[in-house]
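Here is the structure we will look at, set down as structure tokens.
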Amino acid sequence: MEIQWFQAALWIGLALLAAVLSVRIAISIALLEIIVGVIGGNFLPLQRTEWVNFLAGFGSILLTFLAGAEVDPEVMKKKFKESMTIGVLSFFAPFLGVMAYAYYVAGWSLPEAQIAGIALSTTSVAVIYSVMIESGYNKTELGKIIIAATFITDLGTVIALGILFANYNWYMLIFIAVTAMTLFLLPKFVPWFFHKVGSRISEPETKFIFLILFGLGALAVMAKSEAVLPAYLVGMVLAPFFLANSTLSHRMRVTAFTMLTPFYFLKAGSLVQLPTIWNSAALIALFLILKVAAKFIGIWPTMEIFKFTRKENMYTTLLMSTGLTFGSISALFGYTNKIINQEQYTILLTVVILSAVVPTIIAQRWFQPDLKKEGENV
Amino acid sequence: MFKKILVANDGSDGAKKALKVAIELARKYNAELHSISVEEGVPHYAATIGEVEEYRKEANGFFRNINDEAVEEAKKSGITLHIKVKAGHEVETIVNFSKEGNFDLLVIGFMGHSKIFGRVWGSTSQNITKLSPCTVIVVK
């Protein structure tokens with residue numbers, strides 16, 4: 001028993017360290033938890049026990065739900081054609097490009113290559129959002145298109161994760177039917193039910209959301225699909241309600257970021273093998289270049305068609321090349337389900353982290369469009 | 001002599017001293033007085049928009065309080081203070097804002113860092129003074 005408490009103290013101690021560092025240096029808690037997790041996994045007696053795995057899995061589901069609940073339908077509607085086109089191409093180009101490279105050149109098996117394609121197809125809406133908040137682009141037309149396109153790309157990622165490795169049998173049929181019914185009913189039921197139960201210290205609202213996520217997650221896993229798929233879709237259909245209800249969103253974020261997502265990100269980091277990073281540095285660099293290049297191939301011509309300036313094209317494409325949350329979820333899904341090994345996981349997660357940082361710095365440093373000109377379009 | 005004055009306000013003791021001097025100068029020269037506060041800790045490379053939004057909500061609450069106090073203090077001297085809160089790097093944001101707004105005087109409080117940090121990077125006040133397009137007064 002004392003071993004369990006020792007492990008609990010170790011995990012939560014690392015989570016606390018990441019939280020304190022995050023406040024001091026203004027780097028997101030997620031990225032720091034991954035980095036602290038890498039140190040913990042390589043240099044400390046950190047164990048991935050069953051309860052750690054459960055909390056980490058729960059964290060990834062809740063994180064995906066929260067990401068879905070941030071999809072603003074108004075932003076999506078405004079520039080639907082542009083954001084849909086950019087979002088779809090931003091998913092497919094790197095997915096196919098990276099998968100082809102991993103399969104034909106790097107010699108990975110098809111399922112391994114598919115995980116690589118999915119993990120590196122993502123775009124991080126939150127990484128982009130923080131960049132835009134600082135530059136003021138979140139209020140511009142270009143900024144809104146980029147954010148909406150990112151939601152589409154993320155949807156592509158969770159759908160791919162949910163369908164590529166699934167079994168197509170009765171379980172899948174039941175999963176699809178129940179999910180469709182739930183998604184249809186939730187937007188009407190949730191406001192009514194939450195109004196009835198009210199906001200209490202026992203958090204009936206949060207418990208209800210957990211019930212839905214666990215129930216659909218169980219059905220997804222029975223169909224050999226992935227629990228993050230229904231979580232993202234449930235988040236999306238409830239987004240208007242959650243965006244209008246900031247207190248509830250705040251409480252769910254507190255629950256997630258205090259006790260659940262730290263285990264997810266720390267675990268994701270703890271599985272990284274430091275020697276593999278060194279030994280596979282060339283492949284890591286190649287995958288990163290490939291991801292960015294594929295995003296360019298997919299997005300650049302589209303932006304040209306929509307008559308954006310050269311600088312806006314570069315800025316958008318670089319920002320659409322960022323990844324973090326869904327990239328790490330995809331890589332961890334592959335490792336947990338024994339589709340990829342720990343070396344391949346290390347390679348993919350390292351590329352995901354680098355893709356959060358490198359394109360962002362380049363975009364901000366050299367390709368930030370003139371805000372005044374851009375603002376005129378708002 | 002000065003027509004448009006900008007004061008940087010982060011709620012610190014140094015910024016409060018700077019505000020007093022800026023109000024006095026605005027009164028003396030009958031100048032427009034603006035203040036800029038910088039949300040410096042926006043988390044980079046976040047996992048969800050929520051993480052960024054939660055930070056901003058806290059920061060906005062903090063800056064709302066200090067700016068309300070600043071507006072009140074300026075009002076006592078018959079000066080209207082125009083406030084602005086922006087996210088970004090402190091030095092870059094203040095310098096760019098003073099450029100964009102064509103200010104002819106920037107008043108800042110002395111913002112020190114640790115000795116080692118100051119030696120390597122230069123203090124915030126040093127960097128603002130070096131990069132500012134207009135005259136800078138550093139109040140100690």
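Here is the naming used below: chain letters follow the sequence lines, and residue numbers restart at 1 for every chain. Predicted, not measured: the structure shown is a model, and the values here were computed from it.
When all heavy atoms are compared, the tightest approach of A:Glu70 to B:Thr48 is OE2-CB, 3.5 Å. Shown here for A:Ala126 and B:Ala46, the closest heavy-atom pair between the two residues is CB-O, 3.2 Å. In terms of heavy-atom proximity, A:Val127 sits nearest to B:Tyr45 at CG2-CA, 3.6 Å. Of all non-hydrogen atoms in A:Ser130 and B:Val52, the two that sit nearest each other are CB-CG2, 3.9 Å. Residues A:Ile133 and B:Arg56 come closest through the heavy atom pair CD1-NH1, 3.1 Å.
To the nearest 0.5 angstrom, A:His250 atom NE2 is 5.0 Å from B:Glu54 atom CD. With values rounded to the nearest 0.5 angstrom, A:Leu63 atom CG is found 9.5 Å from B:Glu51 atom CD. The distance from the CD1 atom of B:Ile49 to the OG atom of A:Ser249 is 11.5 Å, given to the nearest 0.5 Å.
Looking only at heavy-atom pairs under 4.5 Å with chain B, the residue among A:Ile29, A:Leu66, A:Val125 that has the most is A:Ile29. Contact count versus chain B (heavy atoms, under 4.5 Å) is highest, among A:Leu31, A:Ile27, A:Thr360, for A:Ile27.
More than 12 heavy-atom neighbours from other residues, nucleotides or ligands sit within 6.0 angstrom of NZ on B:Lys4.
A side-chain donor-acceptor contact under 3.5 Å links B:His44 to the backbone of A:Ala26.
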Determine, stepwise, if the pair B:Glu53 / A:Tyr129 fulfils side chain to side chain contact (heavy atoms under 4.5 Å, CB included). CA-CA 10 Å; B:Glu53 282 300 292; A:Tyr129 188 71; 2.6 Å; yes
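Using a 4.5 Å cut-off between heavy atoms, A:Ile25 does not touch chain B at all. With a 4.5 angstrom heavy-atom cutoff, A:Ile361 touches chain B only via side-chain atoms. Using a 4.5 Å cut-off between heavy atoms, A:Phe257 touches chain B through its side chain atoms alone. For A:Val23, no part lies near chain B; criterion is any non-hydrogen pair under 4.5 Å.
Residues B:Lys57 and A:Ser246 have side chains in contact (heavy-atom distance under 4.5 Å, counting atoms from C-beta outward).
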